[in-house]
Visitor: 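My structure is below; once you've seen it, I'll send some questions.
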Amino acid sequence: MQCILAMGVMIVSTYSIEAQMVNQGELTIMPNTQVGVLDPIDNASSGIWMNDGELFCYNHFNNDGMVDFLNEGLTRFEGSTVQRITGSSESFFYDLLFNNGFIALAFQLAGNITVENEANFDTGVVDGQNFGGLLSFTAGADHINTSDNSHMDGTVIKNGDNSFDFPIGNAGQYRPATINAPQNVLDQITGRYILENSDPTYSHGSAVGVIERIDNTEYWVVERTNGNSNVVLTLGWDADTSPSFITAANPNSLHIIRWDANQGFWVDEGGIPDAANQTVTTIAEVSGYGVFTLATVSVEEVLPGGLVSYNAVSPNGNGENDFFRIDGIERFPNNTMEVFNRWGVPVYKTKGYNLTDNVFRGFSEGNLTLGGSEPLPTGTYFYVLTYEFSENGSTPRTVRKTGFLYIDAN
């Protein structure tokens with residue numbers, strides 16, 4: 001059975017005890033056609049629902065079949081009671097409107113829906129966090145009117161190679177995360193915001209380097225689920241959600257930090273503040289994905305170019321401090337790293353120091369009698385890092401940084 005709705009305006013309602021509109025065949029809403037459905041919509045597993053016009057959905061919506069469009073169409077979820085959006089099949093919409101002022105969590109999203117062009121968050125929070133639903137945006141798709149009153153509470157999936165503001169929040173607070181454009185159209189990044197203290201799960205006591213105080217009221221989860229691009233990340237602070245030591249801090253002392261699951265501690269991703277918009281942006285592409293939040297840092301310990309050294313090495317293979325870490329060093333590949341013992345004898349030297357395959361793990365590679373297969377003795381050493389740094393497009397200058405490094409061979 002095929003039904004083509006090509007009228008100017010059509011209102012559909014049923015009046016059985018369990019009133020609902022069930023589509024088991026093919027239903028097409030043609031361009032320049034408005035269809036309003038007062039009762040719950042159930043697109044059965046055999047159903048094909050194509051919307052190239054304008055659908056007003058005033059009740060629940062379930063899709064176990066195919067929901068899509070041929071060219072473009074607008075689906076409007078509007079109501080005055082809670083609306084459930086469910087189904088075992090993913091629903092594809094060209095334009096989508098959320099407009100329900102009943103309660104904060106007006107939409108219970110238990111299915112997966114994808115927006116091809118634009119999602120208009122007019123009124124009503126979409127709750128996928130408590131109901132397991134996902135909201136996806138295809139390459140180039142975007143959203144408008146996002147606010148505390150209307151956003152996605154849960155995981156948002158962003159596909160493609162365009163920059164994107166994740167329309168995410170939690171507990172009635174809109175707290176977006178912004179990424180720059182990934183490199184490839186097949187890249188997929190997800191974002192979620194949680195208005196909770198991250199400390200019970202990601203210990204704030206496990207912070208090294210310049211990190212001083214970690215935001216203890218909120219965090220974001222940004223993951224790469226497909227592709228290989230790293231992105232520049234922007235987060236913000238807000239008086240309604242962020243702790244006072246964050247909102248009252250000198251913006252120059254605010255950085256974005258990331259929980260490094262492999263190392264088991266928080267690492268600094270740097271920070272370029274925008275005080276007018278109350279945001280902080282990483283100084284370069286993030287060094288990894290996962291849990292992010294804001295922190296105050298000791299500004300005087302940040303090297304030119306935003307480099308941060310961690311000053312400890314434990315060559316015992318326990319997965320913590322396994323090598324001498326300098327966040328941001330990959331941005332300055334023309335560098336030289338030297339490590340000396342307390343008598344000034346060189347124990348390590350390399351060019352192009354990085355965070356992967358060219359690192360100092362606490363083993364001698366200099367002129368000491370110890371062989372390279374044995375860890376250096378426990379104690380204090382010092383390092384000399386030389387690299388070229390250009391600020392705001394100026395002529396590169398050579399930076400030479402000397403600091404202390406502690407090796408724990410136990």
Side-chain angles (χ1 to χ4, degrees), residues 57 60-63 67 74-79 82-87 90-160 162-179 187-196 218-226 231 233-236 238 240-241 279 289-293:
C57 180
H60 309 311
F61 182 91
N62 180 76
N63 174 36
V67 171
L74 171 61
T75 301
R76 307 169 65 109
F77 287 106
E78 301 198 55
V82 174
Q83 291 176 269
R84 296 191 300 272
I85 305 173
T86 60
E90 187 170 6
S91 300
F92 294 88
F93 304 101
Y94 184 77
D95 286 330
L96 192 58
L97 169 68
F98 296 107
N99 182 21
N100 186 320
F102 177 60
I103 56 172
L105 299 178
F107 302 98
Q108 298 177 353
L109 180 60
N112 296 343
I113 60 178
T114 293
V115 177
E116 178 73 21
N117 185 54
E118 183 178 84
N120 185 347
F121 289 87
D122 186 274
T123 307
V125 173
V126 182
D127 185 1
Q129 177 64 27
N130 294 310
F131 296 93
L134 298 174
L135 173 60
S136 300
F137 289 79
T138 62
D142 211 342
H143 58 87
I144 59 174
N145 295 328
T146 324
S147 67
D148 287 346
N149 294 324
S150 189
H151 55 263
M152 175 66 175
D153 188 341
T155 298
V156 169
I157 302 173
K158 174 261 183 296
N159 296 278
N162 58 293
S163 59
F164 191 70
D165 294 327
F166 284 90
I168 50 178
N170 184 227
Q173 299 289 334
Y174 170 50
R175 300 292 279 116
T178 302
I179 61 172
D187 286 332
Q188 185 180 80
I189 311 293
T190 69
R192 183 164 63 101
Y193 170 76
I194 301 96
L195 186 57
E196 296 178 2
E218 60 191 343
Y219 63 97
W220 293 257
V221 180
V222 179
E223 299 279 9
R224 183 181 63 204
T225 49
N226 192 59
V231 296
L233 176 66
T234 298
L235 303 176
D238 188 288
D240 291 337
T241 62
T279 62
Y289 288 91
V291 174
F292 295 85
T293 193

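Below, all heavy atoms of this structure are taken into account, side chains as well, without hydrogens, waters or symmetry copies. Numbers here simply count residues along the sequence, with the first being 1.
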Visitor: For residues 164-171, run the donor-acceptor check on the side chains, cut-off 3.5 Å, and write out each pair with its distance to 0.1 Å, sequence neighbours left out.
Guide:
from: Asp165; atom 1: OD1; to: Thr178; atom 2: OG1; distance (Å): 2.5
from: Asn170; atom 1: OD1; to: Leu195; atom 2: N; distance (Å): 3.0
from: Asn170; atom 1: ND2; to: Asp153; atom 2: OD1; distance (Å): 3.1
from: Asn170; atom 1: ND2; to: Asp153; atom 2: OD2; distance (Å): 3.2

Visitor: Over all heavy atoms of both residues, which pair between Tyr289 and Val222 is shortest? Give the atoms and the distance, please.
Guide: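 Distance-wise, the nearest heavy atoms are CB-O, 3.4 Å.
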Visitor: Which pairs, with at least one residue in residues 105-115 and sequence neighbours excluded, count as a side-chain hydrogen bond (donor to acceptor under 3.5 Å, both in side chains)?
Guide: Glu90-Thr114
Visitor: With rounding to the nearest 0.5 Å, note down the distance linking CD in Glu116 to CG in Asn159.
Guide: 10.0 Å
Visitor: Once you round to the nearest 0.5 Å, how far does OG1 of Thr138 lie from NZ of Lys158?
Guide: 9.0 Å
Visitor: Are any non-hydrogen side-chain atoms of Ile85 and Phe131 less than 4.5 angstrom apart?
Guide: no
Visitor: Can you confirm whether Arg224 is buried at CZ, in the sense that more than 12 heavy atoms of other residues, nucleotides or ligands lie under 6.0 Å from that atom?
Guide: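 Yes, because the 6.0 Å sphere around CZ of Arg224 holds more than 12 heavy atoms from other groups.
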Visitor: Whether the side chain of Asn149 engages the backbone of Thr123 through a donor-acceptor N/O pair (distance < 3.5 Å, no angle test) should be reported.
Guide: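 Side chain of Asn149 to backbone of Thr123: no pair is present.
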Visitor: How long is the straight-line distance from NE2 of His143 back to CZ of Phe98, given to the nearest 0.5 Å?
Guide: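 The NE2 atom of His143 is 12.0 Å from CZ of Phe98, to the nearest 0.5 Å.
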Visitor: Which label fits Tyr174 and His151: parallel for a plane angle under 30°, tilted from 30 to 60°, or perpendicular past 60°?
Guide: parallel
Visitor: Rounded at 0.5 Å granularity, tell me how far CZ in Phe61 sits from CZ in Phe107.
Guide: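 Reported value, rounded in 0.5 Å steps: 13.0 Å.
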Visitor: Considering non-hydrogen atoms only, spot the tightest contact between Ala106 and Gly124 and give its length.
Guide: CB-CA, 4.0 Å
Visitor: Against Leu96, only a single residue in Val126, Ile113, Asn117 fulfils side chain to side chain contact (heavy atoms under 4.5 Å, CB included); can you say which?
Guide: Ile113
Visitor: Are side-chain heavy atoms of Val156 and Phe137 found at a separation under 4.5 Å?
Guide: yes
Visitor: In chain order, what residues pass the side chain to side chain contact (heavy atoms under 4.5 Å, CB included) check against Asp240, with sequence neighbours excluded?
Guide: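 Side chain to side chain contact (heavy atoms under 4.5 Å, CB included) list for Asp240, sorted by chain: Gln173, Asp238.
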Visitor: Just by modelled atom types, is the Glu118 backbone N or O under 3.5 Å from a matching donor or acceptor in the Asp95 side chain?
Guide: yes
Visitor: Roughly how far, to the nearest 0.5 Å, is the CG atom of Leu134 from the OG1 atom of Thr190?
Guide: 9.0 Å
Visitor: Check Trp220 against Ala177 and note the closest heavy-atom contact, atom names and distance.
Guide: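 Taking Trp220 first and Ala177 second, the nearest heavy atoms are CD1-CB, 3.9 Å.
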Visitor: Do Thr86 and Asn62 pass the side-chain hydrogen bond (donor to acceptor under 3.5 Å, both in side chains) test, and can you show the C-alpha distance, the side-chain angles, and the key distance before you say yes or no?
Guide: CA-CA 5 Å; Thr86 60; Asn62 180 76; 2.7 Å; yes
Visitor: Nearest 0.5 Å please: distance from the CZ atom of Phe121 over to the CG atom of Leu135.
Guide: 5.0 Å
Visitor: Within the 3.5 Å criterion, strictly below it, is a donor on Asn145 or Asp122 matched to an acceptor on the partner's side chain?
Guide: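 No pair is found: no donor N or O on one side chain lies under 3.5 Å from an acceptor on the other.
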